[in-house]
Number of protein chains: 2
Amino acid sequence: MARPVEFERDQALTQAVGLFWRQGYQAASLPDLTTGMGISRSSLYAAFGDKRALFIECLDLYARRTLGLLAAARAEHPPLEALRQFFERSFGQPGCLLVNTTLEMADVDDGLSAHAVARLAEVEAGFEACLREAGCDAVQAAELAAVLMLVNQGLRVSSRRNLSADDLKAQLDTTFRILAAAIPAPGPATPSSGMPS
Amino acid sequence: MARPVEFERDQALTQAVGLFWRQGYQAASLPDLTTGMGISRSSLYAAFGDKRALFIECLDLYARRTLGLLAAARAEHPPLEALRQFFERSFGQPGCLLVNTTLEMADVDDGLSAHAVARLAEVEAGFEACLREAGCDAVQAAELAAVLMLVNQGLRVSSRRNLSADDLKAQLDTTFRILAAAIPAPGPATPSSGMPS
DNA sequence: TGAATTCTGGACCAATCGGTCCAGAATGGC
DNA sequence: GCCATTCTGGACCGATTGGTCCAGAATTCA
């Protein structure tokens, strides 16, 4: 029965995701967070517990959004092209929060690293489902999904090496050209996967 | 003309590399470093300047050692197998210090990130030379070297996901199986430029 | 041995870290 | 208007950060 407003929790969380994404867990200080999220220290602790709990919520939100992007690409394109789009759309971003966290927190906070790793596994499962749809059998889908996760990790690192957009695009194109040769034709007919030079 | 000994600088540096490699730049505190290196704060600052300068020396030493490992593999094996060995031998390690640093310091200390990126480019040049030796022309060698750097980055991330050794090996095997199809036969014959399917 | 020089353990420093706390502002029901 | 309740800015806390400094130990030359 008093002052019910509590700012926009989701919006603040989104801002926090962006901060952790760019700076990492350790380098994002409480002043950075409160400024970026537009709320005070007290509100942050009341709403999210502490820095670590906030970060875990950020990991989960980020993973959900990532899976959503993959699902959206799959809804708009045939499986292989969907994967391509998924990677290409990530180019402007500061890598992948899950990959960044896996590396940053390994041997520092194993709990956080493991949490990120678990979410990465979910993304890999998404790749696998996509490959099944592309015509791979179970074994091949699992195998290639692991390779795609390798590509994902590699590209997300490249995204932080400030290569030119053209260089990134070239890496992606070459990779998919090589990869396409290892994936069976999508449909029963017209095996041209639509991958011009 | 007094007390010339100055402990074992190189040995201390090697210990520092191990620490930064495992924990990252930010998480390795001065107490961690002095303990791990077996020297006192004063000696550390006298010998290396400050934490950041020490870290840069570590990056350079690490890069030199990495290039040495690649050279050693090339001396013992044919080019493609050398690359394979190079990756496989990195499995037990805490990723790659250069990759870890690129991610950790991007948007935090751009100078350090750029330094790591520059060293990574040297490694990529090593890949390229290896591919030339394997029979690739200039264009293809540059293209595939970029893909190999992608693989390198991806595998070094996987190394910190505590996957089983078998999983890592499987990722590597699948990747090289796919990759080998895109590389011309080692001999000077068979000029097929490698556009299968 | 004694003097000169160099090295180093550990105290010390200001700054910053994540986290707590409370006084007062803001809001709803009456 | 008033009270009750909730929210929040900012002061405050101890711990830790990277970095400095000095007294004294150690070593070489004469």
Side-chain angles (χ1 to χ4, degrees), chain A residues 1-59 101 104-105 107-113 115, chain B residues 1-59 101 104-105 107-113 115:
Chain A
M1 50 181 70
R3 201 175 178 183
V5 300
E6 188 188 329
F7 61 92
E8 319 76 352
R9 193 181 192 279
D10 292 355
Q11 182 179 329
L13 192 58
T14 298
Q15 296 297 323
V17 168
L19 248 161
F20 283 130
W21 197 356
R22 266 173 276 125
Q23 308 197 21
Y25 178 68
Q26 300 175 94
S29 68
L30 262 298
D32 289 339
L33 287 166
T34 53
T35 301
M37 299 166 75
I39 66 178
S40 75
R41 247 179 156 76
S42 319
S43 308
L44 190 155
Y45 277 86
F48 299 102
D50 60 5
K51 184 186 178 185
R52 193 172 185 278
L54 168 62
F55 185 63
I56 292 179
E57 280 203 55
C58 286
L59 288 179
T101 302
E104 183 188 353
M105 303 318 281
D107 283 316
V108 173
D109 185 328
D110 290 329
L112 288 184
S113 186
H115 198 92
Chain B
M1 51 178 69
R3 201 174 178 183
V5 302
E6 187 186 330
F7 61 93
E8 320 77 353
R9 192 180 193 280
D10 292 355
Q11 182 179 330
L13 192 58
T14 298
Q15 295 298 322
V17 168
L19 248 161
F20 283 130
W21 198 357
R22 265 173 277 125
Q23 307 197 22
Y25 177 68
Q26 301 175 95
S29 68
L30 263 297
D32 289 338
L33 287 166
T34 53
T35 300
M37 299 167 76
I39 66 178
S40 75
R41 246 178 157 76
S42 318
S43 308
L44 190 155
Y45 278 86
F48 300 101
D50 61 5
K51 184 185 178 186
R52 194 173 185 277
L54 167 64
F55 186 62
I56 291 179
E57 280 202 56
C58 286
L59 288 179
T101 302
E104 183 188 353
M105 305 317 284
D107 283 316
V108 174
D109 185 329
D110 290 330
L112 287 185
S113 186
H115 199 91

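Letters A, B, ... are given to chains in the order of the sequence lines, protein chains preceding strands, and every chain is numbered from 1. In what follows, every heavy atom counts, from backbone to side chain, and hydrogens, waters and symmetry copies are set aside. Keep in mind it's a predicted model, so treat the numbers as computed, not measured.
Residue B/Q23 contributes atom CD, which lies 16 Å from atom C1' of D/dG18 at whole-angstrom precision. For the pair B/L33 CG and D/dT16 C1', the interatomic distance rounds to 15 Å; values are reported in whole Å. The nearest whole Å value for the distance from the CD1 atom in B/I39 to the P atom in D/dG19 is 14 Å. Remark: P of D/dT20 and CG of B/L44 are 12 Å apart, rounded to the nearest angstrom. The interatomic distance linking A/Y45 (OH) with D/dC13 (C1') rounds to 13 Å, in whole Å. D/dC7 atom P lies 14 Å from atom CD of A/E8, rounded to whole Å. Distance, B/M37 CE to C/dT8 C1': 14 Å, rounded to whole Å. When the P atom of D/dA15 is taken as reference, atom CG of A/D50 falls 18 Å away, rounded to whole Å.
Residues satisfying the side-chain contact (heavy atoms from CB on, under 4.5 Å) criterion with A/E57, sequence neighbours excluded, are A/R9, A/L13, A/F48. Residues meeting the side chain to side chain donor-acceptor pair (under 3.5 Å) test with B/T14, sequence neighbours left out: none. Evaluation of the salt bridge (charged side-chain N to carboxylate O under 4.0 Å, His left out) rule for B/D107 yields A/R160 as partners, not counting sequence neighbours. Under the side chain to side chain donor-acceptor pair (under 3.5 Å) criterion, A/Q15 pairs with no residue at all, not counting sequence neighbours.
With hydrogens and angles disregarded, no donor-acceptor distance shorter than 3.5 Å links the side chain of B/S113 to the backbone of B/D109.
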Could you list the protein-to-nucleotides 10-17 of chain C atom pairs, N/O on both sides, closer than 3.5 Å?
residue	atom	partner	partner atom	Å
C/dG10	O6	B/S42	OG	2.6

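Taking side-chain N and O atoms only, A/S43 has no distance below 4.0 Å to OP1 or OP2 of D/dC7.
Within the structure, no pair that satisfies the salt bridge (Lys or Arg N to Asp or Glu O under 4.0 Å) test touches residues 24-51 of chain B, not counting sequence neighbours.
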